[in-house]
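Quick one: the structure is below, questions incoming.
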Amino acid sequence: MKKVMITGCLGQIGSELVERLRKDLGAENVIATDVRQPEAGSPILTEGHFEILDVTDYEKFKKIAEDNHVDTLVHLAALLSAVAEAKPKFAWDLNMGGLENALEVARELKLLFFTPSSIGAFGPSTPADNTPQDTIQRPTTMYGVTKVSGELLCDYYHKRFGVDTRGVRFPGLISYKTLPGGGTTDYAVDIYYEALKKGHYDSFIGKGTKMDMMYMPDAIDAIVDLLNADPSRLKHRNAFNISAMSFEPEEIKASIQKVMPNFTMDYDVDPVRQGIADSWPNSLDVSCAKEEWDFSPKYDLDKMTVDMLEKLRIKLGDEAKF
Ligand code: AKB
């Protein structure tokens with residue numbers, strides 16, 4: 001991996017991955033793209049190469065990759081679970097159309113390829129605890145349908161055309177730099193903002209609902225480590241189960257209370273997002289990722305909470321009233 005093109009670079013993962021790869025590879029070796037124009041003065045624009053790209057536009061997609069002589073493609077542009085449930089047709093068109101174009105560009109230009117799947121690729125008939133790497137996948141959401149289809153398509157491009165496809169099933173990702181846009185696990189990000197702004201949070205995910213989560217620095221390391229992994233060790237290529245912690249709302253509340261003892265939480269459950277969460281696993285078995293490319297996250301819940309609150313307090317400035 002020497003020169004990388006990234007789609008969806010203004011999203012929660014993309015914005016931090018661009019920063020990391022610009023440091024690792026040099027700013028001139030990272031081609032950041034998104035369908036939206038970044039805000040004026042944003043580091044994505046001022047500190048490196050940015051291009052507007054709608055990933056459903058194959059010709060432009062290929063031209064940017066070709067003109068810039070990239071050797072690696074990280075395809076992140078996709079709708080998240082809650083938005084995909086609200087706009088299922090658009091979710092199918094974007095998540096599948098974008099991925100198909102990305103894989104075709106990778107095939108034609110012989111690129112190393114990464115795209116994320118998600119815990120959303122599982123469904124209610126999947127074993128919920130210690131969910132195996134290879135198991136039943138019958139998701140009941142449009143997001144999940146696109147994620148399973150995407151996993152299969154990546155496997156197919158590897159087997160049929162020899163494309164060096166790689167990927168992980170991300171759990172909920174927690175970060176302080178860029179907000180996630182329309183996911184089910186977003187409550188675990190919102191809670192830190194509200195803790196600092198209001199000292200209180202109304203959780204849209206109900207008591208007792210466990211989901212896998214990970215802090216963004218571990219997620220970025222996972223992408224880079226898997227892209228750099230020795231291919232001869234990879235028995236699975238795409239959709240590795242990864243996770244650093246599994247908790248329910250009461251546990252993240254308790255973790256915040258260790259730093260902010262007066263923090264309080266109530267529930268105002270959103271039936272749509274609760275339904276999605278109920279169809280997902282409680283906790284994943286990540287042993288294949290450990291065995292095949294040494295996956296080893298550094299942050300547990302309490303370590304993440306301390307870092308999140310410290311960094312967010314600085315970011316929020318006067319808005320942090322607690
Ligand atoms: C979402 O909640 O949609 C995402 C995911 C787990 O894929 N964070």
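As the structure lists them, so they are numbered: ligands from 1, and atoms in each ligand from 1. Side chains included, hydrogens not; waters and symmetry mates left out as well; all remaining heavy atoms used.
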Discussion item. Can you tell me which residue among V286, L226, D225, N238 is in a side-chain contact (heavy atoms from CB on, under 4.5 Å) with V168?
Written reply: L226
Fill in: Results of ring-ring contact (aromatic ring centres under 6.0 Å, His included) for F50 - residues two or more places apart only
none
Discussion item. Would you say the rings of F90 and W92 are close, in the sense that their centroids are separated by under 6.0 Å?
Written reply: no
Fill in: T126 side-chain N/O to I136 backbone N/O, donor-acceptor pair under 3.5 Å
yes
Which pairs of N or O atoms, one from ligand 1 and one from the protein, are separated by less than 3.5 Å, and what is the distance for each pair?
residue  : atom  : partner : partner atom : Å
ligand 1 : 2 (O) : S81     : OG           : 3.4
ligand 1 : 2 (O) : T184    : N            : 2.7
ligand 1 : 2 (O) : T185    : N            : 3.1
ligand 1 : 2 (O) : T185    : OG1          : 3.3
ligand 1 : 3 (O) : S81     : N            : 3.0
ligand 1 : 3 (O) : S81     : OG           : 2.6
ligand 1 : 7 (O) : S118    : OG           : 2.7
ligand 1 : 7 (O) : Y143    : OH           : 2.6
ligand 1 : 8 (N) : T185    : OG1          : 2.9

Practice prompt. Just jot down the salt bridge (Lys or Arg N to Asp or Glu O under 4.0 Å) partners of K62, sequence neighbours excluded, or say none.
Written response: E108
Response to the item:
For residues 133-153, the salt bridge (charged side-chain N to carboxylate O under 4.0 Å, His left out) pairs (sequence neighbours left out) are E151-R169
